[in-house]
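In this text, all values refer to a predicted model and were calculated from it rather than measured experimentally. We name chains A, B, ... by the order of the sequence lines, and we start the count at 1 in each one.
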Amino acid sequence: MRRAAQSEAVATRGAASWRIRRRRPRSDTVAAYGFLAPNGIGFLVFTLIPIGASFVISLYHWPLVGEASFAGTQNYRALATSDPVFWQVLRNTFSYVFGYVPLNILLSLGIAVWLSSKIRGKNLFRVIFFLPVVTPMVANAMIWTLLYMPQSGVIDWFLVNVLHISGPNWLGSQTLAMPAMIVMSVWQGFGYNMLILSAGLQSIPVELYDAAAIDGASSWRRFLNVTLPLLTPFLFFAFVMTLITSFQVFTQPYVLTGGGPGVSTTTLVLYLYNNGFQFFKMGYASALAWILFVIIMTATAIQFVAQKRWVHYG
Amino acid sequence: MLQSAVFTVIVAILGLLTISPLFWMVSGALKGQDEQYSFRLIPQNPTLENFHYVFTALPFARYMANSFFVAGVVTIIALWFHSMAAYALARLRFPGRDFLFLVIFSTLLVSLPVILVPLFILVRELHMLNSYAGLIVPAIFNAFGIFLLRQFYLGIPQELEEAAIVDGAGYWRVYWNIILPLSKPILAALAVFFFLANWNSFLWPLTITTDQSKWMVQIAIASFQQQYASSQNYIMAASVVVALPTMLLFFFFQRQLVESIKTSGFK
């Protein structure tokens with residue numbers, strides 16, 4: 001105590017901070033919980049309880065109205081053994097993810113690299129590439145529905161009048177509807193990753209390039225040995241976020257194709273929505289939700305383990 | 001040199017391809033009935049007829065107002081709550097702080113589709129289906145804003161806070177008079193971000209609003225598309241109407257938006 005008093009005489013600033021610590025021995029706690037309460041309650045009620053409830057509901061036959069009855073693992077077993085649509089939906093979702101994620105990353109990386117060099121009109125291009133990210137997904141998908149139309153669509157017009165080949169019915173074809181959906185989604189989404197990767201490229205110190213240039217490294221070598229390794233933390237972030245969101249694709253199939261033709265573009269979340277809110281099988285929908293949750297968690301976990309092999313934190 | 005020229009041409013073409021659907025949307029929205037199926041890039045007789053139709057055939061103004069209201073209220077409350085939580089997590093010392101942050105952070109992995117069914121049932125039990133409360137309340141809580149604000153608050157120098165505390169300011173005054181004003185730039189960025197996200201949100205409003213008077217504008221245009229599938233010009237006009245506020249917001253707050261995305265990943 002006495003020592004503290006002495007130090008107070010020595011330096012006012014030191015004393016001030018000492019006094020703060022004395023005056024607020026443990027009272028931060030009460031205030032902190034007060035500040036956290038609105039969010040804490042919100043997360044508890046609207047996120048944490050629902051995630052548990054989702055699992056519980058998945059163990060029931062749960063109609064929209066009326067009594068729910070315990071089903072045990074029946075919903076999951078029905079999905080696995082007696083619902084061929086589910087397997088198709090799972091395949092659709094994975095082919096979307098495997099098509100969309102790499103295309104998105106490659107395109108955004110290429111453009112981010114180009115934008116990082118000294119060029120005119122850079123800002124204009126950045127705005128253009130980012131614009132579809134901010135315009136509403138529903139409106140974007142509606143425009144693309146029109147673009148893809150046979151005869152009245154611009155794409156068909158281009159194929160017929162410029163390339164002189166007949167265009168297919170993109171969204172009406174079992175094989176082409178999914179690629180068409182992926183193309184539309186890449187158009188809509190790559191601007192976001194372009195920005196993330198641009199930020200990453202800006203964070204690389206110029207001296208490193210200069211050093212590599214003095215060593216006589218070609219621009220391609222510099223890209224491979226300097227840029228790419230230093231960019232990996234940003235690539236990792238972009239990759240994981242894109243992966244997580246792409247498993248949840250919903251609006252594009254809902255607007256572009258309604259999941260068809262047949263069920264060829266029905267994704268996991270669209271199927272979940274249809275089961276829950278069109279067929280009113282809430283238990284079944286929740287089982288799908290948990291399967292989605294497990295897929296997302298697993299994919300994320302794999303990425304976090306795998307990052308040790310390719311991500312450089314320097 | 002040649003290499004970079006080729007690259008430039010490719011990117012220029014990509015830029016053109018990227019902008020053309022949106023350009024086509026605006027151009028199509030301005031085409032009259034007679035020109036609706038023409039492939040002219042710029043309409044010969046531009047008209048606002050389609051917009052007039054969209055706003056009179058449907059209570060579109062009402063849907064726009066709903067969206068503005070919901071997105072606006074969510075944004076304001078979310079910024080307020082998130083900044084409070086972030087202040088506590090960044091500036092106050094209390095037991096369990098790191099654990100709580102981890103719990104909040106982990107909710108990032110729980111996405112809407114995963115909890116769609118229980119959330120619907122919960123909102124129904126609270127009698128909030130087809131209500132503004134049902135649209136607003138569940139949309140407020142997400143870890144993203146808390147995470148970004150906490151990062152920002154960690155970087156604020158201690159001295160400012162200490163001076164206020166020496167002057168006898170309580171926690172609330174420190175938060176309200178010091179922390180909040182200092183975080184104006186990041187709050188502005190997040191505001192743009194939240195508003196856009198909620199203006200564009202689709203799955204949740206689709207799930208809980210069957211009453212058309214509570215429809216948000218995205219639900220309205222999706223149903224409009226199903227009704228008017230053959231009238232390109234109306235669909236284009238409807239798309240322009242919902243996209244316009246987002247484009248304007250983007251052009252005016254470009255810098256804030258870009259900054260918030262750039263900082264979202266790291267540090």
Check step by step if side chain to side chain contact (heavy atoms under 4.5 Å, CB included) holds for A:Val138 and B:Phe224. CA-CA 11 Å; A:Val138 178; B:Phe224 185 78; over 6 Å; no
Going through the distances and angles, do B:Thr107 and A:Leu48 end up as a side chain to side chain contact (heavy atoms under 4.5 Å, CB included)? CA-CA 8 Å; B:Thr107 61; A:Leu48 296 174; 4.1 Å; yes
Working for side chain to side chain contact (heavy atoms under 4.5 Å, CB included), residues B:Ile115 and A:Phe46: CA-CA 9 Å; B:Ile115 54 172; A:Phe46 294 104; over 6 Å; no
Would you check, one step at a time, whether the test side chain to side chain contact (heavy atoms under 4.5 Å, CB included) holds for A:Leu146 with B:Ile235? CA-CA 9 Å; A:Leu146 297 178; B:Ile235 292 180; 4.0 Å; yes
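Interatomic distance, B:Leu203 CG to A:Phe277 CZ, rounded to the nearest 0.5 Å: 8.0 Å. For the atom pair CD of B:Gln232 and CE of A:Met142, the computed distance is 11.0 Å after rounding to the nearest 0.5 Å. Annotation: the span from B:Leu14 atom CG to A:Trp187 atom CH2 amounts to 13.5 Å, rounded to 0.5 Å. Atom CD1 of residue A:Ile244 and atom OG of residue B:Ser111 lie 8.5 Å apart, to the nearest 0.5 angstrom. The distance from atom OG1 of B:Thr18 to atom CD1 of A:Ile128, rounded to the nearest 0.5 Å, is 7.5 Å. A distance of 5.0 Å separates CG of A:Leu131 from CD1 of B:Ile19, quoted to the nearest 0.5 Å.
The closest donor-acceptor contact from the side chain of A:Asn39 to the backbone of B:Phe81 lies under 3.5 Å. At least one donor-acceptor pair under 3.5 Å links the side chain of A:Asp28 to the backbone N or O of B:Arg93. Remark: side-chain polar atoms of A:Ser54 are paired, donor with acceptor, to backbone N or O of B:Val114 under 3.5 angstrom. The main-chain N or O of A:Val134 is found under 3.5 Å from a side-chain atom of B:Asn200 such that the two form a donor-acceptor pair.
For A:Leu147, the part lying near chain B is the side chain, with the backbone staying farther off; criterion is any non-hydrogen pair under 4.5 Å. Using a 4.5 Å cut-off between heavy atoms, A:Val127 touches chain B through backbone and side chain atoms alike. The part of A:Phe250 that comes within reach of chain B is its side chain, from C-beta onward, which places non-hydrogen atoms under 4.5 angstrom from that chain. Looking at A:Asn161, there are no atoms closer than 4.5 Å to chain B (heavy atoms on both sides), in backbone or side chain. Interface remark: A:Leu115 contributes no atoms to any contact with chain B (heavy atom separation under 4.5 Å). For A:Met149, the part sitting under 4.5 Å from any heavy atom of chain B is the side chain, from C-beta outward, and nothing else. Using a 4.5 Å cut-off between heavy atoms, A:Thr300 contacts chain B through its side chain alone, with no backbone atom that close. Within the 4.5 angstrom heavy-atom criterion, atoms from both the backbone and the side chain of A:Phe293 approach chain B. Only the side chain of A:Ile111 comes within less than 4.5 Å of a heavy atom in chain B; its backbone stays farther off. There is no contact between A:Trp290 and chain B, counting heavy-atom distances below 4.5 Å. In this structure, chain B has a heavy atom under 4.5 Å from the side chain of A:Val269, while its backbone stays farther away. For A:Ser117, no part lies under 4.5 angstrom from a heavy atom of chain B. When heavy atoms are compared at a cutoff of 4.5 Å, A:Leu268 does not approach chain B at all. For chain B, no part of A:Gln188 is nearby; none of its heavy atoms comes within less than 4.5 Å.
When all heavy atoms are compared, the tightest approach of B:Tyr171 to A:Ala31 is CD1-CB, 3.4 Å. Residues B:Phe94 and A:Ala32 approach most closely at CD2-CB, 3.2 Å, considering heavy atoms.
Put simply, of B:Ala243, B:Pro113, B:Ala88, the one with the most heavy-atom pairs under 4.5 Å next to chain A is B:Pro113. Interface remark: of the candidates B:Val240, B:Asn142, B:Val241, B:Asn142 forms the most heavy-atom pairs closer than 4.5 Å to chain A. Per-residue counts of heavy-atom pairs under 4.5 Å with chain A were compared for B:Leu249, B:Ile140, B:Ile146; the largest is that of B:Ile146. Looking only at heavy-atom pairs under 4.5 Å with chain A, the residue among B:Arg124, B:Arg91, B:His82, B:Met84 that has the most is B:Met84.
In summary, the aromatic rings of B:Tyr175 and A:Phe35 are positioned with their centroids under 6.0 Å apart.
Side-chain contact check for B:Leu206 versus A:Tyr254: some heavy-atom pair is nearer than 4.5 Å.
Using cut-offs of 30° and 60° for the angle between ring planes, the B:Phe39 and A:Trp157 rings count as parallel. Taking the six-membered ring for Trp and thresholds of 30 and 60 degrees, B:Phe193 and A:Tyr192 have ring planes inclined between 30 and 60 degrees apart.
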